[in-house]
Amino acid sequence: MQAWNRLSISSPYIGRFAPSPTGPLHFGSLVAALGSWLDARAAGGQWLVRMEDVDEPRCVPRAETAILRALEAFHLHWDGEVLVQSQRKEAYAAALDLLKREGHVFGCACSRKDIEGDRYPGTCRNGTSGRPARSWRIRVPAEPVVFHDRRLGDFEERLEETCGDVVLLRADGYFAYQLAVVVDDAAQGVTDVVRGADLLDSTARQIALHRALGNTPPRHLHMPVVVNAAGQKLSKQTKAAAIESTQAEALTYEALAFLGLNVDSANVAAMLAQATARWRVDS
Ligand code: GLU
């Protein structure tokens with residue numbers, strides 16, 4: 001077993017799976033769900049499910065129910081209530097207010113076409129020159145954000161150079177994913193974020209935001225991303241197929257194999273029990 005499956009647990013473990021209900025679960029999301037479930041269960045911890053529908057215009061009616069039914073069909077049972085981000089606006093507003101009071105954020109008048117490329121150059125950091133503010137951004141730290149990923153090792157990122165100041169409240173009035181995920185991980189006491197490596201890019205931003213809010217950031221484990229034959233990440237955009245509960249055995253077997261775990265049981269519950277025992281956690 002690879003070293004990234006080893007974790008020293010000295011405190012209670014709380015993990016989570018945080019799908020965006022923009023469509024049904026596909027094989028890539030099954031791998032993400034399984035990885036975080038296994039890490040939590042092997043640590044004797046809790047595993048929470050959070051519906052990340054903060055970007056409401058992108059969400060699809062009924063996707064939430066379909067995702068929860070699929071998790072149940074694949075025996076990925078969660079602890080407690082499912083937290084739904086569209087019902088958490090007061091908590092996001094309170095976090096933004098705190099950041100305003102402490103001078104971490106500023107109103108920004110720039111539209112997408114005022115910004116060349118993906119990096120915000122800090123145009124409105126010291127005022128909007130009389131233009132009306134459209135969004136709110138957090139001033140990213142000048143010093144590098146340093147973090148450790150349990151599989152991929154150590155990272156150091158200067159956010160001023162990679163992305164610049166991060167949007168927390170969007171011009172269309174919705175809170176940004178980066179704020180919602182950080183506020184919710186802190187509110188739910190999440191100790192371990194286990195997710196696909198496509199979200200590695202967001203990690204330094206989220207750590208900076210946790211620090212600005214006075215939180216201790218969680219540990220991180222980014223798992224390999226499943227790609228299709230054309231090398232594209234499985235997603236709704238690349239037309240990944242929904243996972244069917246009638247294929248739960250075969251798909252669970254394949255997803256575990258993708259995570260480096262070969263099991264020989266015949267049913268899903270037994271496969272998960274075997275995989276949990278093999279997902280090594282050093283305590
Ligand atoms: N909701 C995000 C997604 O589905 C995942 C967020 C996370 O795991 O931090 O891509």
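Whatever order the structure lists ligands and atoms in, that order sets their numbers, starting from 1. Because only heavy atoms are used, hydrogens play no part in the values below, and waters and symmetry mates are left out as well, while side chains stay in. Predicted model, so just to flag it, every value in this text is computed and none were measured.
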K.L.:
What I want to find out is whether Glu52 reaches Arg16 closely enough, with some N-O distance under 4.0 Å, to be called a salt bridge.
P.N.:
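Salt bridge: no.
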
K.L.:
With the threshold set at 4.0 Å, does a side-chain nitrogen-carboxylate oxygen contact exist between Glu102 and Lys100?
P.N.:
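Judged by the 4.0 Å cut-off on N to carboxylate O distance, Glu102 and Lys100 do not form a salt bridge.
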
K.L.:
Please check this pair: side chain of Arg41 against backbone of Thr276, looking for a donor-acceptor N/O pair closer than 3.5 Å.
P.N.:
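No, because the side chain of Arg41 does not come within donor-acceptor range (under 3.5 Å) of the backbone of Thr276.
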
K.L.:
In plain terms, say whether Arg219 and Asp149 are close enough for a salt bridge, that is, a side-chain N and a carboxylate O under 4.0 Å apart.
P.N.:
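Result for this pair is no, no salt bridge flagged.
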
K.L.:
Using links of under 4.5 Å between side-chain heavy atoms of ILVMFWY residues, direct or through other members, which residues join Phe106 in one cluster?
P.N.:
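Same cluster as Phe106: Ile115, Tyr120.
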
K.L.:
Inspect the contact between Asp53 and Arg58 and indicate whether a charged nitrogen and a carboxylate oxygen are less than 4.0 angstrom apart.
P.N.:
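Looking at Asp53 together with Arg58, the answer is no, because their closest N to O distance does not fall below 4.0 Å.
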
K.L.:
Could you check ligand 1 for N or O atoms lying under 3.5 Å from protein N or O atoms and list the pairs with distances?
P.N.:
unit_1   : atom_1 : unit_2 : atom_2 : d
ligand 1 : 1 (N)  : Ala18  : O      : 2.7
ligand 1 : 1 (N)  : Ser20  : OG     : 2.9
ligand 1 : 1 (N)  : Glu52  : OE1    : 2.5
ligand 1 : 4 (O)  : Ser20  : N      : 3.4
ligand 1 : 4 (O)  : Ser20  : OG     : 3.2
ligand 1 : 8 (O)  : Arg16  : NH1    : 2.8
ligand 1 : 9 (O)  : Arg16  : NH1    : 3.4
ligand 1 : 9 (O)  : Arg16  : NH2    : 2.8
ligand 1 : 9 (O)  : Tyr177 : OH     : 3.1
ligand 1 : 9 (O)  : Arg195 : NH1    : 2.7

